[in-house]
Amino acid sequence: MNENPLNVDQALSHEAESLSQVPLFKRLEPEELERLATRVEQVDFPAGETIFNENDKGDALYVVHNGSVRIWVLDEDAEPVTLAELKLGDFFGELAVLDRGPRSSNATAMTDITLHRLSSDDFQEFLMQHPDAAIDVICEIAARMRQTNALVTARVTRNINVVMEEKATLGQRIADKVASFGGSWTFIIIYLIFLLGWMALNSFVLIYRQSDFDPYPYILLNLMLSMTAALQAPIIMMSQNRAAEKDRLAAEQDSKVNLKSELLLEELMRRTKSRETQMQEIIEGIRQLNR
C-alpha cells in the first residue's frame, strides 16, 4: 500500500490530469499519476517535423497528447508507406524501448502536436511496477502487428495483367480492342470481303445500271483505305506501348522475386550450414562422452 496517498478530493496537477486521459495510464491511482508526471516530459513539434527516424536510437516512449502522428517506412522502391496514423492517447516508439534496439520506422507530426515523452529506463520501470499496463502494451503491439500484416497482404505481388486492367482508361481499353481485332483473321476476312464486294459493285452492278459512283481505279475506296490505315496505326501503337509497359513491369517484378528468392536461398544455406556445424559439435560431444 502506498504511503502518504493523495487526498481523494485533491485536484491532480495539469500534467497528471493529462496523463489520466491516456488509456495506457488509466488504471493508475492519483498518487501514481503524480509520480509519473514528475518523470514525463512534454515536447512540442510543428506540423511536418520529424520526431525520429528509422534506425535512430530508441531512447524514449511517446504518447500523443494532442494532434496526430504518422508512422511510416520506405519500401524497396523508396516510396513511403504509412503504417499508422496515431491520435490522442495513442503511444508509439515502444519496440525500440523494449528491446533497446534502433527505431524500426519513422515518425512525423501531421499537425502541430504535443507529446508526453517517457525515457526508456522510466518506461521499463513503469511496466515492472504495473503489470496491467504491460498487458495493455502487449495487446496494442499485437493489434499493430495485425494491421501491419494486413498492409503487407494488401501489398503482396499481384498479377501485372490484372493491375494494368484495373488502371486502364476507357481510351486504352478501346485501343486494346481495336488492336486485337485488327490483328485477327476475322478482320482480314471481313475486310477482304468488303474490298471485293466494293470492287464488284462498282465494276459490274453500277456500270450495268450506268452509274459511276466509284469507278475504276476506285478513288473513294483508296481514300477510305488510307484513312483506315492512318487511324489504325496510332491506335495500335497505343496498345503496343501498353504492352511494352506491361512487359517492363513484369520484368521488374520478376527481378524482385528472383532477388528475394536468392536472399531466401542464401539464408536457408546459412542456416543449414549452421545446423550442420551444431550437429557436428553434438556428435563430437557424444563421442567424447563415450570414450
Side-chain angles (χ1 to χ4, degrees), residues 1-47 49-73 82-149:
M1 187 171 179
N2 296 322
E3 297 180 359
N4 302 323
L6 294 177
N7 190 306
V8 176
D9 297 329
Q10 181 179 349
L12 293 173
S13 65
H14 175 72
E15 180 68 21
E17 179 64 32
S18 63
L19 291 176
S20 67
Q21 306 301 318
V22 177
L24 181 61
F25 307 131
K26 63 185 178 182
R27 293 188 177 92
L28 299 185
E29 297 295 330
E31 62 274 12
E32 294 175 323
L33 285 171
E34 291 292 353
R35 280 202 303 272
L36 182 62
T38 61
R39 301 182 179 183
V40 170
E41 176 187 4
Q42 280 200 353
V43 290
D44 299 319
F45 292 92
E49 185 170 337
T50 299
I51 301 169
F52 56 72
N53 291 308
E54 187 175 359
N55 296 322
D56 283 353
K57 180 181 178 181
D59 57 352
L61 171 85
Y62 294 91
V63 182
V64 181
H65 177 62
N66 57 48
S68 57
V69 175
R70 176 180 175 233
I71 306 298
W72 58 280
V73 295
T82 300
L83 301 179
E85 292 183 4
L86 307 180
K87 306 291 185 180
L88 172 65
D90 293 332
F91 60 88
F92 60 96
E94 71 284 350
L95 290 181
V97 171
L98 292 173
D99 64 5
R100 303 286 185 174
R103 299 290 188 186
S104 58
S105 59
N106 306 280
T108 303
M110 298 178 63
T111 62
D112 293 342
I113 58 171
T114 299
L115 303 175
H116 301 294
R117 184 180 184 278
L118 185 62
S119 69
S120 176
D121 293 335
D122 289 337
F123 178 58
Q124 292 197 3
E125 181 181 347
F126 167 75
L127 293 181
M128 294 293 292
Q129 295 175 350
H130 304 89
D132 291 342
I135 293 175
D136 290 340
V137 171
I138 293 172
C139 291
E140 180 64 23
I141 293 174
R144 292 180 185 175
M145 289 182 64
R146 291 181 182 275
Q147 183 179 355
T148 303
N149 289 340

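Owing to the predicted nature of the structure, the values given are computational and were not obtained by experimental measurement. Counting begins at 1 with the first residue of the sequence.
Ring orientation note: the planes of Phe92 and Phe52 are tilted relative to one another, at an angle of 30° to 60°.
If you take OG on Ser20 and CD on Glu34, they are separated by 9.5 Å, rounding to the nearest 0.5 Å. Rounding to the nearest 0.5 Å places CH2 of Trp72 at 5.5 Å from OG1 of Thr108. Of the inter-residue distances, the one linking Ile113 atom CD1 with Tyr62 atom OH reads 9.5 Å to the nearest 0.5 angstrom. Here CG of Asp44 is found 8.0 Å from CG of Leu115. Values are rounded to the nearest 0.5 Å. With rounding to the nearest 0.5 Å, the separation of CZ in Arg70 from CG in Leu86 is 12.0 Å. One distance of note links NZ of Lys87 with CE of Met110; it measures 5.5 Å at 0.5 Å rounding.
The closest donor-acceptor contact from the side chain of Thr111 to the backbone of Ser68 lies under 3.5 Å. Asn66 contributes a side-chain N or O that, together with a main-chain N or O of Thr114, makes up a donor-acceptor pair within less than 3.5 Å.
Residues Arg103 and Asn53 approach most closely at CB-O, 3.4 Å, considering heavy atoms. Contact record, Leu88 with His65: CD1-O, 2.6 Å, taken as the closest heavy-atom pair. Scanning both residues, Ser105 and Val73, for their nearest heavy atoms gives CB-CG1, 3.6 Å. Taking each heavy atom of Ala107 and Ile71 in turn, the nearest pair found is CB-CD1, 3.7 Å. The shortest heavy-atom contact between Gln42 and His116 is NE2-CE1, 3.4 Å. A pairwise comparison of heavy atoms in Pro46 and Ala109 identifies O-CB, 3.4 Å as the closest pair.
The existence of a salt bridge linking Asp59 and Arg117 is confirmed by a sub-4.0 Å separation between a basic side-chain nitrogen and an acidic carboxylate oxygen.
For the side-chain hydrogen bond (donor to acceptor under 3.5 Å, both in side chains) test, residues two or more places apart in sequence or in another chain that qualify with Glu125 are Arg39, Gln129. Legend: residues meeting side chain to side chain contact (heavy atoms under 4.5 Å, CB included) with Lys57, ordered by chain and number and at least two apart, are absent. Every residue was checked against the side-chain hydrogen bond (donor to acceptor under 3.5 Å, both in side chains) condition with Glu49, not counting sequence neighbours, and none meets it.
Counting only heavy atoms from C-beta outward, the side chains of Leu19 and Leu28 never approach each other to under 4.5 Å. Val40 has its side chain out of reach of Val63: every pair of non-hydrogen atoms, C-beta onward, lies at least 4.5 Å apart.
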